[in-house]
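First the proteins, then the strands, lettered A, B, ... as listed; each starts at 1.
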Protein chains: 2
Amino acid sequence: MISTDLIKGSLKTIVLKLLEENGRMYGYEITRKVEELTEGKIKLTYGALYPVLHKLESEEVLVTESENFNNRIRIYYSLTPKGHSVVVEKLKEMKEFIESLEKIVNPQPGLRYA
Amino acid sequence: MISTDLIKGSLKTIVLKLLEENGRMYGYEITRKVEELTEGKIKLTYGALYPVLHKLESEEVLVTESENFNNRIRIYYSLTPKGHSVVVEKLKEMKEFIESLEKIVNPQPGLRYA
DNA sequence: TTACAATATATAAGATACTTAAATATACTG
DNA sequence: CAGTATATTTAAGTATCTTATATATTGTAA
């Protein structure tokens, strides 16, 4: 499991990317999906996830639809038009961030096959 | 410039990696180096950097040597033996983190050349 | 049948890490 | 002589996350 310090700050982008990829998802499903994709290395806590979802909704980046499934409430989140453009920005930023980290962690990548 | 939210949590690892790479560095030099390596995309603020350096010193991960250069104090930081093993751990974690992010941001990387 | 695990969301209290801003001081450049 | 670069420090505030707890249903194993 990866130190939670590292994950801080990436949560919003992760959530938005998953919603773009999967159309609509509910909170619990998002935590499952992240665990699945990262082979258990990243686990989102509900105390972090739900407040982020609520905040993104209040910012009109996400909209919700409540549904009943087996007597359990499921609150599906999906991107608004504004949300779609936010994802584009966030992913661009994430990509630059990863590239920057790699330049620090692995300087002179061009020499790997030299 | 990358949103500071993303960088949060990576600061410690970045500092430790640079010190491993360069032997010893002073605070100001670290901010310059990060800017240089990331082409200005990551800028460390002094308010974040110096407290981290002090903390790492108190944890015996770093040691300091104060020197005088042109009437300016320079406090050089370098890794302790403990620091070297901390870097190894932190870099492993960082690598897993980057890989995990890529699995989310860019699912099915194996298909890129398929 | 009872207890535990999984599903599903919510939120309060506390910790921590970072931003912003200001302070201090010297050297160099136009 | 004003502004930029060098160099470190630290206080106050904010944001974000962790931890813990609450609630409720369904499925499973003993």
Specify the separation, in whole Å, of atom CZ of A:F69 and atom C1' of D:dG27. 13 Å
Find the distance B:I42:CD1 to C:dT19:P and express it as a whole number of Å. 11 Å
With heavy atoms under 4.0 Å as the rule, sort A:K55 into base, sugar-phosphate or nothing. sugar-phosphate
Starting from P on D:dT18, measure out to NZ on A:K43 and report it in whole angstrom. 13 Å
Between A:K17 and A:E21, does at least one N-O distance fall below 4.0 Å, as a salt bridge requires? yes
When you measure from the side chain of A:T45, which nucleotide among C:dA10, D:dT16, D:dT18 comes out closest? D:dT18
Length of the OH-P vector between A:Y50 and D:dC17, whole Å: 16 Å
Quick one: which of C:dT9, D:dT18, C:dC18 gets closest to the side chain of B:V52? C:dC18
Is B:Y26 close enough to D:dA7 that one of its side-chain N or O atoms is under 4.0 Å from OP1 or OP2 there? yes
Separation of D:dA15 atom C1' from A:H54 atom NE2, nearest Å, is 17 Å
Would you mind reading off the distance between A:K8 atom NZ and C:dT16 atom P, rounded to a whole angstrom? 9 Å
May I ask you to say what B:G47 touches in the nucleic acid, namely base, sugar-phosphate or nothing, with a heavy-atom cut-off under 4.0 Å? base
Regarding A:R74 and A:E29, does a basic nitrogen lie under 4.0 Å from an acidic carboxylate oxygen? no
Which sits closer to the 5' end of DNA chain D, B:Y28 or B:A48, going by the nucleotide each is nearest to? B:Y28
Counting heavy atoms not belonging to B:K43, are there more than 12 under 6.0 Å from its NZ? no
From CD1 of A:I73 across to C1' of C:dT9 the rounded distance in Å is 8 Å
Ignoring the backbone of B:I75, work out which of C:dA10, D:dT9, C:dA17 is nearest its side chain. D:dT9
Calculate the interatomic distance between B:L49 atom CG and C:dT20 atom C1'; express it in whole Å. 16 Å
Of B:G9 and A:R32, the one whose closest DNA chain C nucleotide lies more 5': A:R32
Sugar-phosphate only, base, or nothing, as touched by A:R72 at under 4.0 Å among non-hydrogen atoms: base
Scan B:I7 against the nucleic acid and name what it touches under 4.0 Å (heavy atoms): base, sugar-phosphate only, or nothing. nothing
What I want to find out is whether A:K92 reaches A:E96 closely enough, with some N-O distance under 4.0 Å, to be called a salt bridge. no
On DNA chain D, check which nucleotide each of A:L11 and B:E29 is closest to and give me the residue with the more 5' one. B:E29
Minimal heavy-atom distance between A:S100 and B:I42, with the atoms involved, is CB-CD1, 3.7 Å
Starting from the 5' end of DNA chain C, give me the residue, A:P51 or A:R74, whose nearest nucleotide shows up first. A:R74
